[in-house]
Amino acid sequence: YTTRFHQYYVTEMMKRPYVAAAMIWNLADFNSETRSETMPHINNKGLLQWDRTPKDPYYYYKAALSKTPFVKILGSGHSRFGVIDAVSGSCSHRVQVATNFDSILIIVNGQKQAVLTAVDGLAEGSVPFAQGTNTMVAEGWARGNFYRDSIKTNLHSPQTCLAKNNGSEELNVMLGSTRYYVDEKGAWWQPDRTYQGQAWGSLGGKKFKLEGNGRLPYGTDKNILGTEDDPIYQTQQTGIQQYKLDVPSGNYQLSLHFVELVGGSVPSLPYNLTDKEREEKKSRRIFNVAVNGKLFLQQFNIAAEHGCATAVVKTINVFVNENEGLQVDFEAIEGEPVLNALQLKRLKGQVSK
């Protein structure tokens, strides 16, 4: 999105010969003490990170303004996630290439996959990737020479269940989200889904959305205290009734992740003259949580016990009988129950109660 944002402005300025120059706001991320978003105390709209590491828009400007041939695959530092198609054995992903060529040939794992047309310095299109490690090459031809960029990217497919063996298996799910995320330890999280009679999923409720906020389609960008993995806690399912996991018998560790997203102090930004510091009203939220019929959390009040915008993890070990599965029930006492994320690990060792 950020790269397209810059592309739009460059295109419009180039249409206007009376525009002599423009300044990009801004070159590099910088300190802004009162900011309280995901990257607290930093304004991160720069073309470079705070340590001057280039971001994708930096390479876009090189492509749009350079006179010499230029090719750069964008987003090269990210893993990819998606469902593998049973017929093709691959998963299509949209890719971006910054280039001043008219078109770019895309090669994945040695096979020619697509020719992408570049528009105003940016070539985009869908490309198939296989499960595991993929090598992608973007290639252009000019003045009798090939100009290319290549990356290695890993494709992970979502888990539908935990394997039926005694190995350690893990399922990490973010509720109220549509994104994938790799956490600080390298584990990857996938978005929740509605339970439809098999595998796993939630029942009841809706994605959390801040009232009166037209900027964010869902969730929040608040800095979450007590964690370096803010995206796990910035979305949630409100009014959730149940979570079901059709897992085989065995011993499991279940971790439920919570945060109270409503309430607390919201600082003002000194350069926004109409922006005033305010105190959000806390939600009255009290609920019970039961795991396979046994009470786990009683009269749980996130804000009263832990405060607002603070990560909370509640963990329990549970034995699952054959054909029983795992079921988490939420009972509202006051307000709506919430759940931000769920983590299930199959424990190693013998199956026993």
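In this text the structure is predicted, and so the values were computed from the model without any measurement. Heads up: numbering here begins at 1 and tracks the sequence.
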Got a sec, which pairs hit salt bridge (charged side-chain N to carboxylate O under 4.0 Å, His left out) with one end in residues 287-314, sequence neighbours left out? none
Does Tyr58 have more than 12 heavy atoms from other residues, nucleotides or ligands lying within 6.0 Å of its OH? no
Sequence neighbours excluded, every pair satisfying side-chain hydrogen bond (donor to acceptor under 3.5 Å, both in side chains) that has a member inside residues 328-337: Gln242-Asp329, Arg284-Glu334, Asn288-Glu331, Gln327-Asp329
With clusters built from Ile, Leu, Val, Met, Phe, Trp and Tyr whose side-chain heavy atoms come within less than 4.5 Å, directly or transitively, what are the remaining members of the cluster of Phe30, listed by chain and number? Trp25
Using 30° and 60° as the class boundaries, would you call the ring planes of Phe129 and His93 parallel, tilted or perpendicular? perpendicular
Can you name the residues that form a side-chain hydrogen bond (donor to acceptor under 3.5 Å, both in side chains) with Gln299, not counting sequence neighbours? none
Taking the six-membered ring for Trp, are Phe319 and Tyr252 closer than 6.0 Å centroid to centroid? no
Connected hydrophobic set around Leu225, excluding itself, where side chains approach under 4.5 Å: none
Taking side-chain hydrogen bond (donor to acceptor under 3.5 Å, both in side chains) as the definition, give me every residue that meets it alongside Lys15, ordered by chain and number, with sequence neighbours left out. Glu12
Compute whether any side-chain donor of one residue and acceptor of the other, for Ser66 and Thr68, lie under 3.5 angstrom apart. no
Do Tyr218 and Thr178 pair up side chain to side chain, a donor and an acceptor below 3.5 Å, judged on atom types alone? yes
Residue list, salt bridge (charged side-chain N to carboxylate O under 4.0 Å, His left out) with Lys55, at least two apart or on another chain: Asp29
So that I can tick it off, tell me whether Glu139 and Arg148 are bridged by a salt bridge, with the cut-off set at under 4.0 angstrom between side-chain N and carboxylate O. yes
List in chain and number order the residues that pass side-chain hydrogen bond (donor to acceptor under 3.5 Å, both in side chains) with Thr315, two or more places apart in sequence or in another chain; answer none if no residue qualifies. Ser255
Step through it carefully: locate the ring centre of Trp141, locate the ring centre of Phe146, and say whether they are under 6.0 Å apart. yes
Take Glu169 and Lys345 through the salt bridge (Lys or Arg N to Asp or Glu O under 4.0 Å) test and state the conclusion after the steps. CA-CA 6 Å; Glu169 300 291 338; Lys345 296 180 181 180; over 6 Å; no
State, yes or no, whether a side-chain contact exists between Gln343 and Glu170 at a heavy-atom distance under 4.5 Å. yes
Applying side-chain hydrogen bond (donor to acceptor under 3.5 Å, both in side chains), can you list everything that pairs with Tyr233, at least two apart in sequence or on another chain? His257
Contact between Val338 and Val259 at the side-chain level, heavy atoms closer than 4.5 Å - yes or no? no
Can you classify the ring geometry of Tyr59 versus Phe70 as parallel (below 30°), tilted (30 to 60°) or perpendicular (above 60°)? parallel
Pairwise salt bridge (charged side-chain N to carboxylate O under 4.0 Å, His left out) hits with a residue in residues 174-187, at least two apart: none
Can you list, pair by pair, the side-chain donor-acceptor contacts under 3.5 Å of residues 102-123, counting residues two or more places apart and other chains?
from: Asn109; atom 1: OD1; to: Thr135; atom 2: N; distance (Å): 2.9
from: Asn109; atom 1: ND2; to: Asn134; atom 2: OD1; distance (Å): 2.9
from: Asp120; atom 1: OD2; to: Thr11; atom 2: OG1; distance (Å): 3.1

ILVMFWY cluster, Leu74 and Leu65 together (side-chain gap under 4.5 Å): yes
Please give the remaining members of the hydrophobic cluster of Ile333, linking ILVMFWY side chains under 4.5 Å, ordered by chain and number. Ile286
